[in-house]
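What follows is a short report on a single structure.
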Amino acid sequence: MKKLKIITHPLVQHYLSIMRDKKTSKAEFKESLDKISYIVAAETFAALSLGNKSVNTPFKKIVGKKVNETVVLLPILRAGLGLTKGFTDLYPEILTSHIGIYRDEKTLKPVQYYFRFPKIQNKKDATVIILDPMIATGGSVIFTIECLLNMGIRKIKVVSLLCAPEGIDAIEKSFRSNEKKHIEITSCSLDEKLNEKGYIIPGLGDAGDRIFGT
Ligand code: PRP
Ligand code: URA
């Protein structure tokens, strides 16, 4: 798998600081996340593969371009839903799958409660983009990647807002030997560490609670 890529775009860092502030309102938190999601989506989509298509302009016929791969968005419920806007607005043809996972508060292990995936052909050529704003222990992402690999998916991108070194190390260790699988992780910040309760430090608190106001 490839190493972690950090998005250093100034507007991402600007809106991320708004999100980290504990005084930021629920509305401003979600607005900032929506704005970041467009930039992160554009970066992620930059690697889409194109095919040719014939286009008749008002003056002549040309060879235009169109995306020629199947792309599936897979937000990890709940908080992953908060990152979807930029992806579905920029490329509405994207298929959206959902996986429901929560962390057991005591063990911090992922517990799955839902999974729906579209029926697609050529699974090994499709790209799946996992959305999870917070990679803490990495357990939720590792569980999701394992589900996808078991289904025959080979091209996997993980997109997050914040990650902890502990989570990135755990993901890299889990999939180190998967040379034939293409797994990439993109985030907007590699934070310092996890605290004793598994929260990212300095972080932004509980992403799901701040997005949905619970
Ligand atoms: C949070 C977050 C991630 C997960 C990260 O989900 O949204 O999915 O924790 O932690 P991990 O890397 O240690 O697995 P949470 O369990 O709070 O559920 P929620 O999204 O429904 O709030
Ligand atoms: N999940 C969150 O929402 N925040 C953290 O800091 C860690 C896991």
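Whatever order the structure lists ligands and atoms in, that order sets their numbers, starting from 1.
The protein heavy atom nearest to atom 6 (O) of ligand 2 is Ile200 N, 2.8 Å. Among protein heavy atoms, atom 5 (C) of ligand 2 sits closest to Tyr199 CD2, 3.4 Å. For atom 8 (C) of ligand 2, the closest heavy atom belonging to the protein is Arg103 NH2, 3.5 Å. For atom 3 (O) of ligand 2, the nearest protein heavy atom (residue, atom name, distance) is Ala207 N, 2.8 Å. Among all non-hydrogen protein atoms, the one lying nearest atom 17 (O) of ligand 1 is Asp206 OD2, 4.0 Å. The protein non-hydrogen atom at the shortest distance from atom 21 (O) of ligand 1 is Arg78 NE, 2.9 Å. The protein atom (non-hydrogen) at minimum distance from atom 13 (O) of ligand 1 is Thr137 OG1, 2.5 Å. Of the protein's non-hydrogen atoms, the one nearest atom 4 (C) of ligand 1 is Ser140 OG, 3.6 Å.
A distance of 6.5 Å separates CG in Leu194 from CD1 in Ile200, rounded to the nearest 0.5 Å. With values rounded to the nearest 0.5 angstrom, Gln112 atom CD is found 8.0 Å from Thr144 atom OG1. We find the CG-NE2 distance between Leu74 and His98 to be 8.5 Å, quoted to the nearest 0.5 Å. Once rounded to the nearest 0.5 Å, the distance linking CG of Leu83 with SG of Cys188 reads 7.5 Å.
Polar contact with ligand 2: absent for Met134 (N/O pair, distance under 3.5 Å). Between Gly205 and ligand 2, an N or O atom pair is found at a separation short of 3.5 Å. Looking at ligand 1, you'll find an N or O of Ala136 within less than 3.5 Å of one of its N or O atoms.
A donor-acceptor pair shorter than 3.5 Å cannot be found between the side chains of Asp132 and Ser140. Under the 3.5 Å distance criterion, with hydrogens and angles disregarded, no donor-acceptor pair is assigned to the side chains of Thr137 and Arg103. For the residue pair Arg20 and Ser189, a side-chain donor N or O sits within less than 3.5 Å of a side-chain acceptor on the partner.
The shortest heavy-atom distance from Gly138 to ligand 1 is under 4.0 Å. For Ala164, the closest heavy-atom approach to ligand 2 does not fall below 4.0 Å.
Salt-bridge formation is detected for the pair Glu43/Lys5: a Lys NZ or Arg NE/NH1/NH2 atom is positioned less than 4.0 Å from an Asp or Glu carboxylate oxygen. Between Arg78 and Asp209, at least one side-chain nitrogen of the basic residue sits less than 4.0 Å from a carboxylate oxygen of the acidic one, meeting the salt-bridge criterion. Between Lys30 and Asp34 there is a salt bridge, with a side-chain nitrogen of the basic residue lying less than 4.0 Å from a carboxylate oxygen of the acidic one.
Checked options Asp191, Val158, Leu4; the residue passing with Ile135 is Val158 (criterion: side chain to side chain contact (heavy atoms under 4.5 Å, CB included)).
Of all atoms in ligand 1, numbered sequentially from 1 with element shown, those under 4.0 Å from a heavy atom of Tyr102 are 16 (O). Close approach of ligand 1 to Ala79 is summarised as follows: ligand atoms under 4.0 Å from at least one heavy atom of the residue are 7 (O), 20 (O). Distances below 4.0 Å separate heavy atoms of Gly198 from the following atoms of ligand 2: 7 (C). Close approach to Asp132 involves these atoms of ligand 1, each under 4.0 Å from a residue heavy atom: 2 (C), 3 (C), 7 (O), 8 (O). Of all atoms in ligand 2, numbered sequentially from 1 with element shown, those under 4.0 Å from a heavy atom of Ala136 are 7 (C), 8 (C).
Counting protein heavy atoms under 4.0 angstrom from atom 6 (O) of ligand 1 gives zero.
Across the listed options Glu166, Arg103, Lys109, Arg210, Arg103 owns the non-hydrogen atom lying nearest to atom 10 (O) of ligand 1.
For Tyr38 and Phe87, the gap between ring centers reaches or exceeds 6.0 Å.
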